[in-house]
Amino acid sequence: MKKILLLSDTHSYIDDTILKHVKNADEVWHAGDIGDLSVTDQIQKLKPLRAVWGNIDGDKARAEFPEHNRFTIEGVDVWITHIGGYPGRYNIRVRDAIKANPPQLFICGHSHILKVMSDKKLGLLHINPGAIGIHGFHKVRTMLRFTIDNGKIDNLEVIQYDRK
């Protein structure tokens, strides 16, 4: 079993509250718009990190992280990208590939809107953790915690804070 902390859209912001949750995870996944790489550096000092770059990320982030990160963990096929859309409205960047070979878990960021949706047509779970950073239009900062064990995604929890 793996305990996952999923976050996105930090936009160069990380604090002790976020790092407290990092310490309690087995792995941290970041769905892009990292901003300053000091964010991912701090996470990587504490836990393994899987991340993708987002549209605000510059050359350094794009050199360190891929645009798409697809992997299998605990029997679950996972695909993380920053701009992915959601069921029924997948972004053109992923639309054909996701239909041809859907993962079990599709994760993206970008919208700053927390979303957890089942795509019954493709048989996948779509997750967008919202934004945990302090820059953007969102009023509440969010990230997600869940477990993956033997092919199952379980114990999904929303972690939220007021915007600073």
Side-chain angles (χ1 to χ4, degrees), residues 1-15 17-57 60-86 90-91 93-94 97-98 102-119 124-133 136 138 141-161:
M1 180 176 74
K2 294 279 186 186
K3 293 184 284 185
I4 308 300
L5 179 67
L6 173 61
L7 49 90
S8 186
D9 296 276
T10 47
H11 291 263
S12 302
Y13 181 80
I14 194 158
D15 64 11
T17 305
I18 297 169
L19 292 172
K20 175 187 79 169
H21 291 288
V22 167
K23 290 175 188 172
N24 291 323
D26 294 322
E27 284 191 12
V28 177
W29 299 351
H30 195 304
D33 277 2
I34 297 160
D36 192 289
L37 288 183
S38 64
V39 169
T40 50
D41 291 345
Q42 289 181 67
I43 293 169
Q44 287 177 310
K45 285 179 187 173
L46 299 171
K47 296 293 173 165
L49 172 68
R50 299 179 196 250
V52 296
W53 55 261
N55 57 293
I56 69 136
D57 294 316
K60 289 181 183 177
R62 291 172 191 230
E64 187 166 340
F65 301 107
E67 179 180 9
H68 304 279
N69 193 347
R70 189 153 185 181
F71 56 92
T72 300
I73 182 170
E74 295 286 322
V76 174
D77 179 10
V78 179
W79 180 356
I80 305 173
T81 194
H82 184 61
I83 300 175
Y86 53 90
Y90 292 112
N91 187 276
R93 295 175 175 192
V94 301
I98 202 167
Q104 187 175 345
L105 177 58
F106 181 66
I107 296 169
C108 62
H110 187 61
S111 70
H112 293 217
I113 300 168
L114 171 70
K115 244 180 217 183
V116 178
M117 300 173 69
S118 177
D119 184 333
L124 64 82
L125 179 63
H126 168 270
I127 298 179
N128 184 324
I132 196 61
H138 56 282
R141 300 167 45 234
T142 57
M143 56 187 171
L144 297 171
R145 179 173 40 210
F146 56 93
T147 58
I148 295 185
D149 188 21
N150 199 24
K152 293 182 123 184
I153 303 154
D154 209 357
N155 303 311
L156 181 68
E157 298 175 74
V158 175
I159 302 164
Q160 70 178 36
Y161 298 99

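Values reported hereafter were calculated over all heavy atoms of this structure, with side chains retained and with hydrogens, waters and symmetry mates removed. Computed from a prediction, not measured in an experiment: that's the story for all the values here.
Nearest heavy atoms, Ile148 versus Ile73: CG2-O, 3.6 Å. Scanning all heavy atoms of the two residues, the minimum distance from Lys152 to Val76 falls at N-CG2, 4.0 Å. Heavy-atom minimum distance, Phe65 versus Ile34: CD1-CD1, 3.7 Å.
Looking at Asp33, Thr81, Asn55 one by one, the single match for side-chain hydrogen bond (donor to acceptor under 3.5 Å, both in side chains) with His110 turns out to be Asn55. None of Asn24, Val28, Val22 except one satisfies the side chain to side chain contact (heavy atoms under 4.5 Å, CB included) rule with Leu46; the exception is Val22. For the side chain to side chain contact (heavy atoms under 4.5 Å, CB included) with Pro103, the qualifying choice from Leu124, Val78, Leu125 is Leu124, the only one to do so.
Annotation: salt bridge (charged side-chain N to carboxylate O under 4.0 Å, His left out) contacts involving residues 39-49, sequence neighbours excluded, are absent. Residue pairs satisfying the salt bridge (charged side-chain N to carboxylate O under 4.0 Å, His left out) criterion with at least one member in residues 76-86, sequence neighbours excluded, are listed as follows: Arg70-Asp77.
Side-chain contact, His30 with Thr10: a donor N or O sits under 3.5 Å from an acceptor N or O.
Between Trp29 and Phe71, the ring planes lie perpendicular to each other; the angle is over 60°, past the 30° to 60° tilted range.
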His82 vs Trp53, ring-ring contact (aromatic ring centres under 6.0 Å, His included): CA-CA, chis, key distance, verdict: CA-CA 7 Å; His82 184 61; Trp53 55 261; 8.5 Å; no
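In this structure, the side chain of His138 does not engage the main chain of Ser111 through any donor-acceptor pair within 3.5 Å.
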